[in-house]
Amino acid sequence: MSTNDGRPTVGVAGGSGYTGLELLRILARHDGVRVAFATARGDAGCESPVVGLAFADLGPDRVADVDLAFLCLPHGAALPWVQAARDAGVRVVDLTADHRPGSGREAGAVYGMTELTEAHLPDAGLVANPGCYPTGVILALAPLQAAGVIDDARPVVIQAASGVTGAGRSPRRDLLFAEVVGDFRPYALGNGHRHLLEMRAMLPDLQLLFTPHLLPVARGIVETIALPVRGGVDAAEVRATWRERYASSPCVRVDDDGEVPRLARVAGTDEVHLAVFDNEALEAPTLTLVAALDNLGKGAAGQAVQNMNLMLGFDAGRALRCGQR
Ligand SMILES: NC(=O)c1ccc[n+]([C@@H]2O[C@H](COP(=O)([O-])OP(=O)(O)OC[C@H]3O[C@@H](n4cnc5c(N)ncnc54)[C@H](OP(=O)(O)O)[C@@H]3O)[C@@H](O)[C@H]2O)c1
């Protein structure tokens, strides 16, 4: 419950995983809230990134101790926490896919793609924080679909690459250092990645062909999108559409003409960078879009705090690493 000084309290379930640790690092800098607990089973008793707060092995009943809970748990493991929070009237930002669009359990949840659903966040009880890959794809494409510039008779081809923290912190043989270093491999071939559920639900009527790749770096995502557009639509029009749509967002940067988004510029930030390029020598007009973001930042913990900020009445960018050059 709220602290003596009136600050709301928050708890983090799954605080010792990659998204939980990143979230705690951001919350440690946020002077508008106090972190009351961070759960972990294996690391119970170890120091968390919040000074003076150790991880504790706590169950869902403890959600009643706080005003808002973040769930940084594996898919499925968050469900008892969501139920306990509902019973106690506690607000939740759920980082799992359990209540995202396309999950079949999205009823009653607000999708936390902050820039697209911000009007619903101040009253939201349960926020489904987006997936990392869908964040770049949906922020790039949703305003363009709304503006009617996409030729939806042709597929949108998305080539994406993510650093290995995207797979979580549990040990896996195929993610050992010796398996990933010097390597670069596609996975989920056949257009079956689970993030497509969320992308298709938010971008209805678009044919999406999505191929993720594993990049041998710790963090960051770059998505390169071949976008079929209607005749006469060029990069300048797309850039202007994004700039108008995201004019008030501290966390979306639309790059200038010729600027190329880079992993190194977004890693460790809570921003997504969008860029668009014209293409020569194609019969059917097709633009190249690039979205770059940190999977743990705007792709997870950063966006979770952005959502919390609007749920609790703070400025959207408070404590976030946005707009710094
Ligand atoms: N990694 C990303 O880039 C990213 C981006 C967007 C969204 N997400 C989503 O965010 C969630 C967390 O991802 P992550 O990468 O942070 O995972 P992770 O690194 O594997 O961390 C999972 C956390 O949950 C705890 N945990 C695991 N099983 C549990 C259980 N059954 N009950 C209670 N606690 C449990 C783990 O610690 P103990 O096992 O020691 O308890 C750890 O603290 C996932 O649903 C993921 O899909 C991840």
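Just so it is clear, the model here is predicted, and its values are computed rather than measured. Both ligands and their constituent atoms are indexed starting at 1 by order of listing.
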* side-chain hydrogen bond (donor to acceptor under 3.5 Å, both in side chains) assessment of H120 paired with E118 -> CA-CA 5 Å; H120 303 285; E118 57 193 330; over 6 Å; no
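With rounding to the nearest 0.5 angstrom, the CG atom of L214 is 11.0 Å from the CD atom of E179.
Of all protein heavy atoms, the one closest to atom 21 (O) of ligand 1 is G17 CA, 3.1 Å. For atom 6 (C) of ligand 1, the closest heavy atom belonging to the protein is G299 O, 3.3 Å. In this structure, atom 3 (O) of ligand 1 lies nearest to the protein heavy atom N295 ND2, 2.9 Å. Closest protein heavy atom to atom 17 (O) of ligand 1: G168 CA, 4.0 Å. In terms of protein heavy-atom proximity, atom 7 (C) of ligand 1 is nearest to L95 O, 3.7 Å. Of the protein's non-hydrogen atoms, the one nearest atom 40 (O) of ligand 1 is G42 N, 2.8 Å. Protein heavy atom at the shortest distance from atom 25 (C) of ligand 1 is G14 CA, 4.0 Å. When only non-hydrogen protein atoms are considered, atom 48 (C) of ligand 1 lies nearest to T19 CG2, 3.5 Å.
Residues E22 and R321 are paired through a salt bridge, judged by an N-O separation under 4.0 Å between the basic side chain and the carboxylate. Under the 4.0 Å criterion applied to side-chain N and carboxylate O atoms, R239 and D257 are assigned as salt-bridge partners. For D255 and R253, the salt-bridge test passes: some basic side-chain N is under 4.0 Å from an acidic carboxylate O.
Taking distance alone, with nitrogen or oxygen atoms compared against 3.5 Å, G131 stays at or beyond that limit from ligand 1. Below 3.5 Å of separation, one finds no N or O of A40 facing any N or O of ligand 1. The shortest N or O to N or O distance between S16 and ligand 1 is below 3.5 Å.
Within the set R194, R41, Q303, R169, the minimum heavy-atom distance to atom 19 (O) of ligand 1 is found for R169. Residue L73 holds the heavy atom nearest to atom 11 (C) of ligand 1 of all those in L71, D43, I221, L73. Taking all heavy atoms of A304, C72, G20 into account, the minimum distance to atom 22 (C) of ligand 1 is reached by C72.
Chaining together hydrophobic side chains whose heavy atoms lie under 4.5 Å apart places V260 alongside F184, L215, V217, V222, L263, F277, V290.
In this structure, the side chain of H75 engages the main chain of A97 through a donor-acceptor pair within 3.5 Å. In this structure a side-chain-to-backbone donor-acceptor pair under 3.5 Å is missing from D315 to R318.
Close approach to Y18 involves these atoms of ligand 1, each under 4.0 Å from a residue heavy atom: 16 (O), 19 (O). Every atom of ligand 1 with a heavy atom of G166 under 4.0 Å away is listed here by number and element: 1 (N), 2 (C), 3 (O). Using a 4.0 Å cut-off to heavy atoms of L296, the atoms of ligand 1 that qualify are 1 (N), 2 (C), 3 (O). Within the listing of ligand 1, atoms 5 (C), 6 (C) sit less than 4.0 angstrom from a heavy atom of A300. Of all atoms in ligand 1, numbered sequentially from 1 with element shown, those under 4.0 Å from a heavy atom of T96 are 45 (O).
A side-chain donor-acceptor contact under 3.5 Å links D67 and T9.
With respect to N307, the side-chain contact (heavy atoms from CB on, under 4.5 Å) criterion is satisfied by exactly one of L68, L312, L121: L121.
Taking hydrophobic clusters as Ile, Leu, Val, Met, Phe, Trp and Tyr residues chained together by side-chain heavy-atom distances below 4.5 Å, L126 does not share a cluster with V110.
Looking only at side-chain heavy atoms (C-beta outward), Q207 and D152 stay at 4.5 Å or farther from each other.
The proximity of T165 to ligand 1, defined as any non-hydrogen pair under 4.0 Å, is limited to the backbone.
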